[in-house]
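Report on the following structure.
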Amino acid sequence: MCGIIGYIGVEKASPILLNGLRQLEYRGYDSCGMACLDKDIEVRKGVGKINEVNNSFSFEEINGKMGIAHTRWATHGGVTQKNSHPHISNNGKIAVVHNGIIENYQEKRDELKEKNFEFISETDTEVIPNLIQYFMDKGGDFVDSCKKALTELDGNFAILAIHRDEDVIIASRKGSPLVIGIGENGFFAASDIPAFLDHTKQIVYLYDEDFVVMGKTLSFYNLKEGPVFRQTHTVDWDVEQAKKGDFEHFMLKEISEQVETVKKAIQQEKAIVENICDEIRRAKGIFFVACGSSYHACLSSSYVFSKISGIHVNVVLGSEFPNYTHFLNKDSLIIAVSQSGETADVLEAVKEAKKKGSKIISIVNVMGSSLTHHSDEFLLLNAGPEICVLSTKTYTAQLGLLTLIAYSLAENYEEGKKKLEFLWNVIYYLTSANTRNKIKELSEKLRYVDHLFTIGRGLQYPTAMEAALKIKEVSYIHAEAFAGGELKHGTLALIENGTPCIVFVAEDNEKEILSNAMEIKSRGGYIIGIGPKNNEIFDTFIKVPEANSMNPIIHLAKSVTVK
Ligand code: F6R
């Protein structure tokens, strides 16, 4: 994942781009760079985080009222100055920033080499400015040459391109996110809205293969369809939502926001939710499709669907979905769940299902994302921007909304909504400084362990899976989740003196899960209990009230991470 931003307007571009890059740094931070056009294109780039690179290269000194910038997370080619973006064409006239992966770059590179083009980086991106130059050398103008170059590329891209002799920025996307911002003093294009939220809330969401010429006006094309109309939307995100404020980091801020975000997720139009419930009832074969944390939210919700509404749902990872497509037909229903709405495996799954005539409903946080374009219907999570790479507030928002749907399916919409609304005070307590301090204390004990296990039964099992994912992602500690009953089938052998195990307890399976915890304890394990009641087995206990089918929302509403 990388972040890109472009600006063209009446103001000096470099401070705007630098500020935008800082908002996009969550997308990649191993190197960054900027190219602005004044009399000529000036490029500055380097290895390191944005502030480090800026200290050496002073981005804000670059003049010009249009420019493009990039913050990188290396995929093709190591973390070096040469590989950082922007990349420049051989004639020095074209600069390009890119997020995505060009799958046929090697083939294009070889073709261009045969035509005497030289490459200085190891990236896939460098073929783009050179391919544009190639078409211009053959007599094409900048805009048409960009179109021709992009149609030759396989894979995913969001790109911004500028040319020394043209006062336009070309912005185009296929499979990677890119949104356009319309400000009073200029136009913006960026991987994510917060990059220009300080300047405008007027947004144009782009479809796959859209191609925009940003100059004094905006012209929208689609590489397949030709000229297209794209609507302007106003985002209701608060500028402050996209800023860290007094919080140490975005993860902490977003964990704290859950008091509001679970409430917002369930503020849906009842008639729309009921309509979706009718689709679910009508369907012959329902599939939840998602990846990562969103997959865990689906797994958890499949228990809730079964328990509350008696409906069976197949839960499939986006990347595994191709193996299930032979079960699909026009009566199948896919419920795709995604924070970003841009996860490639989920999008591929949805496209495959559409080919079979299946209906697609999505639950997504980002309005205008690709998933919303590919869905017959969608519900927005309304959780606001999730800047932290880790999913936190959207995980609980997904659980909240899916639980509301389960209640609605059982003709108990209002009861479900009331119960979910009531959770706010539990979440408030669990995300308070008090609980945070307790968790900080615990993390001191755990930070140097090599392995950690998490266990739960029933609804608490997906919770254990999600907790393990978060611990791996944030703490780089190997964490593995098990259904309580499974440990004895082999893994118990790994429990040694002091091996920590987080045990998620709920009233309906207390006896069974405590018996599993005992098996670990008797092998020397260090037991951290999370649940409604303390027990002598626990070495550490974190009290979380019993909330039955809503346990998954509150069990993870706190910071179960080891720093
Ligand atoms: C984990 C995390 C990822 C995402 C996964 C799916 O903290 O953030 O596992 O959950 O990449 O992303 P979305 O929900 O955007 O489809």
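Sequence positions, counted from 1, serve as the residue numbers for this chain.
- Pairs passing the ring pair (Phe, Tyr, Trp, His ring centres under 6.0 Å) check and including a residue from residues 338-386, sequence neighbours excluded, read Y207-H373.
- Not a single donor-acceptor pair under 3.5 Å links the side chain of E342 to the backbone N or O of L347.
- Here E352 does not pair with K356 in a salt bridge; the nearest charged N to carboxylate O distance is not below 4.0 Å.
- For F211, there are no ring-ring contact (aromatic ring centres under 6.0 Å, His included) partners, not counting sequence neighbours.
- Side-chain atoms of T71 come within 3.5 Å of backbone atoms of G28 as a donor-acceptor pair (strictly under, hydrogens ignored).
- In K330, the NZ atom is not crowded: 12 or fewer heavy atoms of neighbouring residues, nucleotides or ligands sit closer than 6.0 Å.
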Practice problem: Take Q23 and D192 through the test side-chain contact (heavy atoms from CB on, under 4.5 Å) and record every step on the way to the result. | Solution: CA-CA 9 Å; Q23 302 300 325; D192 202 355; over 6 Å; no
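- Remark: the K470 side chain and the S293 side chain contain an N/O donor-acceptor pair separated by less than 3.5 Å.
- A side-chain donor-acceptor contact under 3.5 Å links S89 to the backbone of I94.
- Panel note: side chain N99, backbone A158; no donor-acceptor pair is recorded below 3.5 Å.
- Residues I180 and A189 share a closest heavy-atom pair of CD1-CB, 3.8 Å.
- The ring-ring contact (aromatic ring centres under 6.0 Å, His included) search around F321 returns F287, not counting sequence neighbours.
- Taking each heavy atom of N83 and T123 in turn, the nearest pair found is O-CG2, 3.4 Å.
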Quiz item: Passes side-chain contact (heavy atoms from CB on, under 4.5 Å), F305 versus I280? Steps please.
Solution: CA-CA 11 Å; F305 266 51; I280 295 174; 4.2 Å; yes
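- When the salt bridge (charged side-chain N to carboxylate O under 4.0 Å, His left out) test is applied to E377, the partners found at least two apart in sequence or on another chain are K359.
- Side chains of S84 and S31: no donor on one and acceptor on the other come within 3.5 Å.
- Partner K393 forms a side-chain hydrogen bond (donor to acceptor under 3.5 Å, both in side chains) with one of Q258, E260, E257 and no other, that one being E257.
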Self-check item: Audit row: H233, Y205, ring-ring contact (aromatic ring centres under 6.0 Å, His included) steps and yes/no
Solution: CA-CA 8 Å; H233 297 262; Y205 299 108; 5.2 Å; yes
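- Between F142 and H163, the two ring planes are tilted [angle within 30° to 60°].
- Other residues, nucleotides and ligands contribute at most 12 non-hydrogen atoms within 6.0 Å of the NZ atom of K82.
- A donor atom on one side chain and an acceptor atom on the other are not found under 3.5 Å apart for E486 and T491.
- In this structure, R230 contributes its side chain and F220 its backbone to no donor-acceptor pair below 3.5 Å.
- The pair R22-E25 does not count as a salt bridge, with every side-chain nitrogen at least 4.0 angstrom from each carboxylate oxygen.
- Applying the ring-ring contact (aromatic ring centres under 6.0 Å, His included) test to F117 and every residue at least two apart in sequence or in another chain returns nothing.
- Remark: E103 pairs with no residue by the salt bridge (charged side-chain N to carboxylate O under 4.0 Å, His left out) rule, at least two apart or across chains.
- Looking only at side-chain heavy atoms (C-beta outward), H85 and V96 stay at 4.5 Å or farther from each other.
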